[in-house]
Number of protein chains: 2
Amino acid sequence: MQLEPQYKELLDTALEGSGQRATKQREHVYALLLQKRDHPTADEIYARARSEMPTISLATVYNCLETLVETKLIRQVNFEREPTRYCPNLTQHAHFYCRESGEIVDIELSDQLIGELMKVLPKGFSAQHIDIAYDGKCNHCHD
Amino acid sequence: MQLEPQYKELLDTALEGSGQRATKQREHVYALLLQKRDHPTADEIYARARSEMPTISLATVYNCLETLVETKLIRQVNFEREPTRYCPNLTQHAHFYCRESGEIVDIELSDQLIGELMKVLPKGFSAQHIDIAYDGKCNHCHD
DNA sequence: AATAATATTTAGAATAATTCCAATTATTGC
DNA sequence: GCAATAATTGGAATTATTCTAAATATTATT
Ligand SMILES: [Mn+2]
Ligand SMILES: [Mn+2]
Ligand SMILES: [Zn+2]
Ligand SMILES: [Zn+2]
């Protein structure tokens, strides 16, 4: 499995911009996230990574993920106190967590809706970020 | 410090409804949460609880909080992977986390706004709960 | 190309919030 | 008051994540 050229480009410039090196571990972790966009945990990424790169360590997976988050190529996604998950979708979106299947789905959010959410803040408050997590039943799990 | 009668009533009926007993530890933890509504962590609650009840244990604080959450008298509030915080405000509200001061403020949400958020879900999805967390600068911390 | 400087990876130890456990203590119903 | 049940307690266990220090890889310099 390999990183498509446009993403390879993205990764290289992001890393260069932050004075970090492009390593095969970083490429591999990034490629895995882009390939199966199911919001895996570090452990899941570790398991997937090992099939093609058996010597990679869990610490490296954490390190790579940290680098990718810092350079804003991916974001962290948290539900309650569950293990952190990772998402390469950089658009403004919320997450829907299906209690039945455990599936996590991206919910795109319009600027308009974000605007409305900003409007309800009391005077003097300014938010740089809004985190929105739904939970319930997804389309596959309905009666 | 003590629990106001209306809340004592609330607690007793909630506990009775779930077949649990009203103990002084549960009352005390609940009273602390109602008194200073700053979304404390279990450790903070433990520290506060000990000044009036020096023999209470951290395990008991966790147990009491769990009971209060189960009986829906309080709710848990999580920011990223920080320690869980606890909130006795039962209205529909989001949380604003000030990066500068660490203050956590309740943001009331109208049914209308929640409705809009529900509307953006794809067909077949139904949410029982939406978790909304802002983060940025609060009114006290502005330049 | 060799060497030095720097960054990354690695395995395993450390950390920290929370949960579990088994013994003691408190509360309830008779 | 006594037996049955539930809650509290201190400490051990768990688990995701971070830290550490040694080994390896990459880049820059001669
Ligand atoms: Mn996502
Ligand atoms: Mn609150
Ligand atoms: Zn589902
Ligand atoms: Zn502030």
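Below, chain A is the first sequence line, B the second, and so on; all start at residue 1. Just so it is clear, the structure is predicted and the values come from calculations on it, not from any experiment.
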Value in whole Å for how far the [atom2] atom of [N] lies from [atom1] of [X]:
X     : N      : atom1 : atom2 : result
B/R81 : D/dT18 : CZ    : C1'   : 12 Å
A/L65 : D/dA16 : CG    : P     : 15 Å
A/R85 : D/dT17 : CZ    : P     : 10 Å
A/Y86 : D/dA16 : OH    : P     : 12 Å

Quiz question: by atom type and distance under 3.5 Å, do the side chains of [X] and [Y] form a donor-acceptor pair?
X     : Y      : value
B/H39 : B/D106 : yes
A/R99 : B/Q128 : yes
B/N78 : A/E82  : no

Do any N or O atoms of the protein come closer than 3.5 Å to N or O atoms of nucleotides 7-14 of chain D, and which pairs are they?
from, atom 1, to, atom 2, distance (Å)
D/dA7, OP1, B/R21, N, 3.2
D/dA7, OP1, B/R26, NH1, 2.9
D/dA7, OP1, B/R26, NH2, 3.3
D/dT8, OP1, B/T23, OG1, 2.7
D/dT8, OP1, B/Q25, OE1, 3.4
D/dT8, O3', B/Q25, NE2, 3.2
D/dT9, OP1, B/T55, O, 3.1
D/dT9, OP2, B/S57, N, 3.2
D/dT9, OP2, B/T60, OG1, 2.5

- prompt: B/Y30, B/M53: one ILVMFWY side-chain cluster at the under-4.5 Å cut-off?
  reply: yes

- request: Look at the side-chain heavy atoms of Ile, Leu, Val, Met, Phe, Trp and Tyr, link any pair under 4.5 Å apart, and say whether B/I104 and B/L32 land in one connected group.
  value: no

message: What contact category does B/T41 fall into here, base, sugar-phosphate, or nothing, at under 4.0 angstrom with non-hydrogen atoms?
response: nothing

Side chain [X], main chain [Y], donor-acceptor under 3.5 Å:
X     : Y     : value
B/H28 : B/A49 : yes
A/R26 : A/R21 : yes
B/R75 : B/V69 : no

message: How about CD on B/E108, more than 12 heavy atoms from neighbouring residues, nucleotides or ligands closer than 6.0 Å, or not?
response: yes

task: On the 0 to 90° scale, with breaks at 30° and 60°, tag the B/Y97-B/F79 ring pair as parallel, tilted or perpendicular.
output: tilted

statement: chain B vs DNA chain C, heavy-atom contacts under 4.0 Å, first-to-last nucleotide span, 5' to 3', is C/dA17 to C/dT28

Pull out every protein N or O sitting under 3.5 Å from an N or O of nucleotides 1-3 of chain D, one pair per line with the distance.
none

- prompt: If you measure from CE on B/M118 to CZ on B/F125, what distance do you get to the nearest 0.5 Å?
  reply: 13.5 Å

